[in-house]
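These notes are about the structure you will find just below.
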Protein chains: 2
Amino acid sequence: MQDAPNSRAFARHDHAHCAGDMMARAEALSRDKGLRLTPVRRRTLEILLEAHRALGAYDVLDRLSAEGYGNQPPVAYRALEFLVEQGLAHRIRRLNAFTACMHPGEAHAPAFLICRLCDAVAEAPAAAVRAALDKAASDLGFVIERSNIEALGLCPACRTGAAA
Amino acid sequence: MQDAPNSRAFARHDHAHCAGDMMARAEALSRDKGLRLTPVRRRTLEILLEAHRALGAYDVLDRLSAEGYGNQPPVAYRALEFLVEQGLAHRIRRLNAFTACMHPGEAHAPAFLICRLCDAVAEAPAAAVRAALDKAASDLGFVIERSNIEALGLCPACRTGAAA
DNA sequence: GCTATGTATGTTATACTATAACAAGTCAAG
DNA sequence: CTTGACTTGTTATAGTATAACATACATAGC
């Protein structure tokens with residue numbers, strides 16, 4: 001096990017700071033859009049931010065129920081669905097998992113880079129990817145509404161060190 | 001329900017011919033690579049080609065068991081896994097489903113366009129998309145081994161007609 | 001304040017998706 | 001004709017997700 005196996009991007013950073021920053025942005029976004037960032041939803045987002053990696057719905061549920069929230073799947077799924085719809089979290093289909101969005105508020109169709117050794121998930125800037133995808137789709141007359149772009153491979157740390 | 005709701009690409013074509021062609025290519029590929037395209041595997045591929053749309057593992061299983069093959073999930077999952085590994089089929093994670101590959105043998109990291117109304121799945125050429133994704137990844141020091149690129153939206157037919 | 005309305009949460013139950021583990025059969029090489 | 005690798009079949013279970021209903025909470029209007 002490495003020291004930074006599940007970093008957001010594949011680089012060190014001030015974890016507490018980025019989580020606090022994201023929460024602040026989520027609050028602001030909710031206020032602006034008139035959304036209800038209720039305790040379960042807020043706590044769910046915090047859990048994702050604290051974990052700092054992709055969590056399954058049942059992982060989230062365990063944490064929520066340990067803190068006195070409901071202990072049935074819909075509790076977690078609903079909170080996660082809300083966060084995803086509001087762009088505060090993303091669903092990583094390859095992992096059947098969810099992760100906090102690191103760029104809330106900015107319109108983006110991110111690409112996720114998933115390390116198959118340490119399970120780190122990075123949200124890569126994907127404007128160019130999305131543009132190419134839009135082009136390929138429009139060539140077929142297809143209109144894209146949402147997209148999932150996920151890649152599996154090796155993060156820098158695992159490529160150089162951990163694999164040895 | 002439209003007449004061509006689940007077309008491979010969003011265009012009409014000679015269905016029987018394309019399926020036969022795909023099977024021939026699968027046979028050739030297996031012979032060349034020394035793979036064992038056994039009855040279950042061959043039939044699974046045929047089922048995907050005949051359905052001409054993405055099928056869940058249990059849909060495939062139903063058809064297989066109706067024809068005398070095993071009726072337990074691993075039968076379908078193993079055949080599908082084989083086909084995916086050999087590039088003869090693809091897994092559509094967004095739908096928890098599988099679809100026959102329309103370009104077997106050609107190295108490709110396809111993008112899938114999924115119509116949310118008719119569930120048609122098209123395999124779009126995605127060389128440019130993949131190139132952009134590789135670039136985004138390498139900027140972060142990440143090496144991509146496999147990728148899923150899936151988009152949800154409206155196919156030409158549903159956009160113009162069915163939605164009305 | 002009080003009630004009506006919409007939204008959110010909690011709970012029960014169940015459906016859907018997927019894999020581990022082992023037994024039995026098949027095939028080709030030696 | 002036996003070994004060894006692979007394939008298939010089966011049992012059992014794990015993991016993921018949602019439908020449906022009841023309760024509680026918030027806000028707006030009276």
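Just so we're on the same page: letters track the sequence lines, and every chain starts at 1.
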Got a second to check how far [X]'s [atom1] is from [Y]'s [atom2], nearest 0.5 Å?
| X | Y | atom1 | atom2 | result |
| --- | --- | --- | --- | --- |
| A:L88 | A:L80 | CG | CG | 11.5 Å |
| B:C115 | B:R53 | SG | CZ | 13.5 Å |
| B:R93 | A:N96 | CZ | CG | 7.5 Å |
| B:I144 | A:L154 | CD1 | CG | 11.0 Å |
| B:L37 | B:L83 | CG | CG | 7.5 Å |
| A:T44 | A:F98 | OG1 | CZ | 10.5 Å |

Seminar exercise, completed: Minimal heavy-atom distance between A:A76 and A:L64, with the atoms involved, is CA-CD1, 4.3 Å
Exercise. What's the shortest heavy-atom distance between A:F142 and B:A151, and which atoms?
Worked result: CZ-O, 4.2 Å
Could you go through nucleotides 28-30 of chain C and list every protein N or O atom that sits under 3.5 Å from one of its N or O atoms, giving the distance for each pair?
none

For this session: Only pairs at least two apart or in different chains count here, so list each side chain to side chain donor-acceptor pair (under 3.5 Å) that has a residue in residues 126-150 of chain A.
Result: A:R130-A:D134, A:K135-A:D139, A:E145-B:R116, A:N148-B:R94
Seminar exercise, completed: residues 73-82 of chain B vs side chain to side chain donor-acceptor pair (under 3.5 Å), sequence neighbours excluded, gives none
Problem set entry | Residues within residues 75-82 of chain A bordering DNA chain C, heavy-atom distance below 4.0 Å |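 Nucleic-acid contacts, sorted: A:V75, A:R78.
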Problem set entry | Residue-level proximity of residues 83-101 of chain A to DNA chain C when a heavy atom falls under 4.0 Å |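 Heavy-atom cutoff 4.0 Å gives no residues at all.
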Exercise. Is there a residue in residues 26-43 of chain A whose heavy atoms reach under 4.0 Å of DNA chain D, and which residues are they?
Worked result: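 Within this stretch, A:R36 sit under 4.0 Å of the strand.
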For this session: Name every residue in residues 62-72 of chain B that has at least one heavy atom under 4.0 Å from any atom of DNA chain D, in order of residue number, or write none if there are no such residues.
Result: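 The stretch gives B:G70, B:N71, B:Q72 as the residues lying under 4.0 Å from the strand, ordered by number.
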Seminar exercise, completed: Contact span of DNA chain D against chain B, any nucleotide atom under 4.0 Å from a heavy atom, 5' to 3', runs D:dC6 to D:dT11
Exercise. Rounded to the nearest Å, what distance is computed from the CG atom of residue B:L61 to the P atom of nucleotide C:dC16?
Worked result: 14 Å
For this session: Not counting sequence neighbours, which residues clear side-chain contact (heavy atoms from CB on, under 4.5 Å) with A:A100? List them please.
Result: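 Counting only residues at least two positions away or on another chain, A:A100 forms a side-chain contact (heavy atoms from CB on, under 4.5 Å) with A:L45, A:L48, A:L49, A:M102.
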Problem set entry | Partners meeting side-chain contact (heavy atoms from CB on, under 4.5 Å) with B:A97 (sequence neighbours left out) |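 For B:A97, the residues satisfying side-chain contact (heavy atoms from CB on, under 4.5 Å) (neighbours in sequence not counted) are B:A54, B:L95.
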Problem set entry | Test log, rule side chain to side chain contact (heavy atoms under 4.5 Å, CB included), inputs A:R41 and A:Q86 | CA-CA 11 Å; A:R41 292 168 174 176; A:Q86 302 312 324; over 6 Å; no
Exercise. Same cluster for A:V143 and B:L113 if Ile/Leu/Val/Met/Phe/Trp/Tyr side chains link at under 4.5 Å?
Worked result: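 Not linked; separate clusters.
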Problem set entry | B:E67: partners by side-chain hydrogen bond (donor to acceptor under 3.5 Å, both in side chains), with sequence neighbours left out | B:R43
For this session: Please report the C-alpha distance between A:T99 and A:F112 in whole Å, then the side-chain angles of each, then the deciding distance to 0.1 Å, and finally whether the side chain to side chain contact (heavy atoms under 4.5 Å, CB included) criterion is met.
Result: CA-CA 10 Å; A:T99 189; A:F112 295 99; 4.3 Å; yes
For this session: Spell out yes or no: do the side chain of B:Y58 and the base of C:dA15 have one donor N/O and one acceptor N/O closer than 3.5 Å?
Result: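 No pair found.
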Problem set entry | Results of salt bridge (charged side-chain N to carboxylate O under 4.0 Å, His left out) for A:R42 - residues two or more places apart only | A:E27
